[in-house]
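Numbers here are sequence positions counted from 1. All figures in this text were calculated on a predicted structure; none of them were measured in a lab.
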Amino acid sequence: MQDDILLIKQLQANDERALSLLYDKYSGALYSVIIKMTGDEGLSQDLLQESFITIWDKSHQYNPEKGRFYTWAYRIAKNKVLNYLRKTDILIQTDDLSVYENNDEPDTINRDFFELNGAITKLEAHHQKAIELVYFKGLTHREAHAEMDVPLGTFKSYIQQALKQLRVNYIKIIVFLLLMIDVM
(Lines give C-alpha, C1' and ligand atoms only; values in the text may rest on other atoms or scores of the structure.)
Protein backbone atom coordinates (compact mmCIF):
# COMPACT_ATOMS: atom_id res chain seq x y z
CA MET A 1 0.00 0.00 0.00
CA GLN A 2 2.87 2.38 0.79
CA ASP A 3 4.36 1.67 -2.64
CA ASP A 4 1.02 2.53 -4.23
CA ILE A 5 0.80 5.84 -2.38
CA LEU A 6 4.23 6.86 -3.63
CA LEU A 7 3.41 5.74 -7.17
CA ILE A 8 0.10 7.58 -7.10
CA LYS A 9 1.77 10.79 -5.92
CA GLN A 10 4.24 10.42 -8.78
CA LEU A 11 1.35 9.74 -11.18
CA GLN A 12 -0.42 12.88 -9.96
CA ALA A 13 2.83 14.75 -10.72
CA ASN A 14 2.55 13.45 -14.34
CA ASP A 15 5.34 10.89 -14.00
CA GLU A 16 4.93 8.47 -16.93
CA ARG A 17 7.11 5.86 -15.19
CA ALA A 18 4.58 5.73 -12.32
CA LEU A 19 1.78 5.13 -14.81
CA SER A 20 3.80 2.33 -16.37
CA LEU A 21 4.42 0.70 -12.99
CA LEU A 22 0.75 1.00 -12.00
CA TYR A 23 -0.20 -0.46 -15.37
CA ASP A 24 2.11 -3.41 -14.80
CA LYS A 25 0.65 -3.95 -11.36
CA TYR A 26 -3.09 -3.57 -12.10
CA SER A 27 -3.67 -4.12 -15.82
CA GLY A 28 -4.07 -7.89 -15.48
CA ALA A 29 -6.82 -7.63 -12.87
CA LEU A 30 -8.62 -4.84 -14.76
CA TYR A 31 -8.33 -6.68 -18.06
CA SER A 32 -9.89 -9.74 -16.43
CA VAL A 33 -12.91 -7.68 -15.38
CA ILE A 34 -13.23 -6.05 -18.80
CA ILE A 35 -12.98 -9.29 -20.80
CA LYS A 36 -15.64 -10.92 -18.61
CA MET A 37 -17.97 -8.03 -19.37
CA THR A 38 -17.31 -7.78 -23.11
CA GLY A 39 -16.26 -11.26 -24.18
CA ASP A 40 -14.16 -9.64 -26.93
CA GLU A 41 -10.37 -9.66 -26.64
CA GLY A 42 -9.65 -6.77 -29.02
CA LEU A 43 -12.36 -4.59 -27.56
CA SER A 44 -11.17 -5.41 -24.04
CA GLN A 45 -7.64 -4.33 -24.88
CA ASP A 46 -8.95 -1.04 -26.29
CA LEU A 47 -11.11 -0.43 -23.23
CA LEU A 48 -8.20 -1.24 -20.90
CA GLN A 49 -6.08 1.32 -22.74
CA GLU A 50 -8.88 3.91 -22.53
CA SER A 51 -9.21 3.16 -18.81
CA PHE A 52 -5.55 3.89 -18.19
CA ILE A 53 -5.76 7.07 -20.26
CA THR A 54 -8.60 8.17 -17.97
CA ILE A 55 -6.58 7.13 -14.90
CA TRP A 56 -3.74 9.34 -16.20
CA ASP A 57 -6.06 12.27 -16.97
CA LYS A 58 -8.00 12.08 -13.71
CA SER A 59 -5.29 10.93 -11.32
CA HIS A 60 -5.64 14.20 -9.41
CA GLN A 61 -9.18 13.12 -8.44
CA TYR A 62 -8.00 9.99 -6.62
CA ASN A 63 -8.04 10.33 -2.83
CA PRO A 64 -6.38 7.47 -0.88
CA GLU A 65 -8.48 8.33 2.19
CA LYS A 66 -11.65 7.39 0.31
CA GLY A 67 -10.53 3.95 -0.84
CA ARG A 68 -7.90 1.78 -2.46
CA PHE A 69 -6.41 2.70 -5.83
CA TYR A 70 -7.54 -0.58 -7.36
CA THR A 71 -11.16 0.12 -6.40
CA TRP A 72 -10.96 3.57 -8.01
CA ALA A 73 -9.32 2.15 -11.15
CA TYR A 74 -11.85 -0.72 -11.24
CA ARG A 75 -14.74 1.75 -11.27
CA ILE A 76 -13.15 3.66 -14.13
CA ALA A 77 -12.70 0.47 -16.16
CA LYS A 78 -16.21 -0.79 -15.38
CA ASN A 79 -17.74 2.53 -16.37
CA LYS A 80 -15.77 2.51 -19.65
CA VAL A 81 -17.21 -0.90 -20.47
CA LEU A 82 -20.76 0.00 -19.46
CA ASN A 83 -20.64 3.24 -21.45
CA TYR A 84 -19.40 1.36 -24.50
CA LEU A 85 -22.07 -1.32 -24.12
CA ARG A 86 -24.81 1.27 -23.66
CA LYS A 87 -23.77 3.00 -26.86
CA THR A 88 -23.64 -0.18 -28.90
CA ASP A 89 -26.46 -2.00 -27.08
CA ILE A 90 -24.72 -5.41 -27.20
CA LEU A 91 -25.32 -6.37 -23.58
CA ILE A 92 -27.29 -9.52 -24.31
CA GLN A 93 -25.23 -12.51 -25.37
CA THR A 94 -26.32 -13.88 -28.71
CA ASP A 95 -23.27 -15.96 -29.60
CA ASP A 96 -22.84 -19.60 -28.60
CA LEU A 97 -19.72 -19.52 -26.44
CA SER A 98 -19.75 -23.22 -25.59
CA VAL A 99 -16.41 -24.98 -25.91
CA TYR A 100 -17.82 -28.27 -27.09
CA GLU A 101 -21.11 -29.90 -27.82
CA ASN A 102 -22.22 -32.62 -25.41
CA ASN A 103 -23.90 -35.31 -27.48
CA ASP A 104 -24.13 -37.69 -24.53
CA GLU A 105 -26.95 -35.73 -22.90
CA PRO A 106 -29.88 -38.06 -22.19
CA ASP A 107 -33.23 -37.18 -23.74
CA THR A 108 -35.03 -38.00 -20.51
CA ILE A 109 -33.84 -34.98 -18.54
CA ASN A 110 -36.82 -33.15 -17.14
CA ARG A 111 -37.88 -30.04 -19.09
CA ASP A 112 -37.59 -28.00 -15.88
CA PHE A 113 -33.84 -28.50 -16.00
CA PHE A 114 -33.71 -26.57 -19.27
CA GLU A 115 -35.76 -23.79 -17.72
CA LEU A 116 -33.05 -23.35 -15.10
CA ASN A 117 -31.50 -20.57 -17.13
CA GLY A 118 -34.90 -19.05 -17.75
CA ALA A 119 -35.79 -18.28 -14.13
CA ILE A 120 -36.25 -14.65 -15.05
CA THR A 121 -38.97 -15.55 -17.53
CA LYS A 122 -41.06 -16.78 -14.59
CA LEU A 123 -41.21 -13.27 -13.14
CA GLU A 124 -44.02 -10.83 -13.81
CA ALA A 125 -43.44 -8.66 -16.90
CA HIS A 126 -42.61 -5.47 -14.99
CA HIS A 127 -40.13 -7.36 -12.80
CA GLN A 128 -38.51 -8.89 -15.89
CA LYS A 129 -38.19 -5.46 -17.47
CA ALA A 130 -36.65 -3.96 -14.31
CA ILE A 131 -34.07 -6.76 -14.05
CA GLU A 132 -33.28 -6.51 -17.77
CA LEU A 133 -32.70 -2.76 -17.62
CA VAL A 134 -30.42 -2.86 -14.57
CA TYR A 135 -28.55 -6.14 -14.94
CA PHE A 136 -28.44 -6.72 -18.69
CA LYS A 137 -28.48 -3.22 -20.12
CA GLY A 138 -26.44 -1.70 -17.29
CA LEU A 139 -28.75 1.22 -16.55
CA THR A 140 -28.73 2.88 -13.16
CA HIS A 141 -31.92 2.77 -11.12
CA ARG A 142 -32.56 6.42 -12.01
CA GLU A 143 -32.17 5.78 -15.74
CA ALA A 144 -34.25 2.61 -15.61
CA HIS A 145 -37.17 4.08 -13.63
CA ALA A 146 -37.37 6.89 -16.19
CA GLU A 147 -37.37 4.36 -19.02
CA MET A 148 -40.18 2.39 -17.38
CA ASP A 149 -42.01 5.63 -16.55
CA VAL A 150 -42.61 4.71 -12.90
CA PRO A 151 -41.56 6.51 -9.70
CA LEU A 152 -38.05 5.69 -8.46
CA GLY A 153 -39.37 4.10 -5.24
CA THR A 154 -41.71 1.87 -7.22
CA PHE A 155 -38.89 0.83 -9.51
CA LYS A 156 -36.64 -0.04 -6.57
CA SER A 157 -39.42 -2.17 -5.10
CA TYR A 158 -39.71 -3.98 -8.47
CA ILE A 159 -36.02 -4.86 -8.24
CA GLN A 160 -36.32 -6.00 -4.62
CA GLN A 161 -39.39 -8.12 -5.33
CA ALA A 162 -37.78 -9.64 -8.43
CA LEU A 163 -34.60 -10.53 -6.57
CA LYS A 164 -36.61 -12.05 -3.73
CA GLN A 165 -38.56 -14.18 -6.22
CA LEU A 166 -35.35 -15.21 -7.98
CA ARG A 167 -33.90 -16.29 -4.63
CA VAL A 168 -36.97 -18.47 -4.01
CA ASN A 169 -36.65 -19.97 -7.49
CA TYR A 170 -32.92 -20.42 -6.94
CA ILE A 171 -33.57 -22.53 -3.84
CA LYS A 172 -36.00 -24.67 -5.84
CA ILE A 173 -33.36 -25.03 -8.56
CA ILE A 174 -30.71 -26.11 -6.06
CA VAL A 175 -33.06 -28.76 -4.65
CA PHE A 176 -33.85 -29.91 -8.19
CA LEU A 177 -30.13 -30.15 -9.04
CA LEU A 178 -29.41 -32.12 -5.88
CA LEU A 179 -32.17 -34.54 -6.82
CA MET A 180 -30.71 -34.82 -10.35
CA ILE A 181 -27.25 -35.55 -8.93
CA ASP A 182 -28.70 -38.31 -6.72
CA VAL A 183 -30.47 -39.86 -9.74
CA MET A 184 -27.27 -39.88 -11.83
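Rounded to the nearest 0.5 Å, atoms OG (Ser20) and CG (Leu11) are 11.0 Å apart. Atom CG of Leu21 and atom CG of Asp15 lie 8.0 Å apart (nearest 0.5 Å). Here the CD1-CG distance, from Ile35 to Leu30, works out to 13.0 Å after rounding to the nearest 0.5 Å. To the nearest 0.5 angstrom, Ile76 atom CD1 is 11.5 Å from Thr71 atom OG1. The distance from the CG atom of Leu19 to the CD atom of Glu16 is 8.0 Å, given to the nearest 0.5 Å. Here the straight-line distance linking atom CD1 of Ile34 with atom CG of Leu43 works out to 9.0 Å at 0.5 Å rounding.
The minimum heavy-atom distance between Gln10 and Ala18, with the atom names listed, is CB-CB, 3.6 Å. Closest non-hydrogen pair, Gln12 versus Tyr62, comes out as NE2-O, 3.2 Å. Scanning both residues, Ser59 and Trp72, for their nearest heavy atoms gives CA-CH2, 3.8 Å. The heavy-atom pair separating Val150 from His145 by the smallest distance is O-ND1, 2.7 Å. Considering every non-hydrogen atom in both Leu82 and Met37, the closest pair reads CD2-CE, 3.7 Å.
In terms of hydrophobic clustering, with Ile, Leu, Val, Met, Phe, Trp and Tyr side chains grouped at heavy-atom distances under 4.5 Å, Val81 and Tyr70 are assigned to a common cluster. Linking ILVMFWY side-chain heavy atoms closer than 4.5 Å, directly or via other members, places Ile159 and Leu152 in two distinct hydrophobic clusters.
Val134 places none of its side-chain heavy atoms less than 4.5 Å from the side chain of Leu139.
With sequence neighbours excluded, no residue satisfies ring pair (Phe, Tyr, Trp, His ring centres under 6.0 Å) with Tyr31. Every residue two or more places apart in sequence or in another chain was checked for a ring pair (Phe, Tyr, Trp, His ring centres under 6.0 Å) with Tyr74, and none qualifies.
At distances below 3.5 Å, at least one donor-acceptor pair connects side-chain atoms of Ser27 with backbone N or O atoms of Tyr23.
The number of heavy atoms from other shown groups lying within 6.0 Å of CG (Asp149) does not exceed 12.
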Residue pair Lys129, Glu124: steps toward the side-chain contact (heavy atoms from CB on, under 4.5 Å) verdict: CA-CA 9 Å; Lys129 182 73 173 172; Glu124 296 179 38; over 6 Å; no
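Side chain to side chain, His127 and Gln165 fail the donor-acceptor criterion of an N or O pair below 3.5 Å.
Within the structure, the side-chain hydrogen bond (donor to acceptor under 3.5 Å, both in side chains) test picks out the following pairs touching residues 40-56 (sequence neighbours left out): Thr38-Ser44, Thr54-Lys80.
Checked against the 6.0 Å centroid threshold, Phe52 and Tyr26 do not count as a close aromatic pair.
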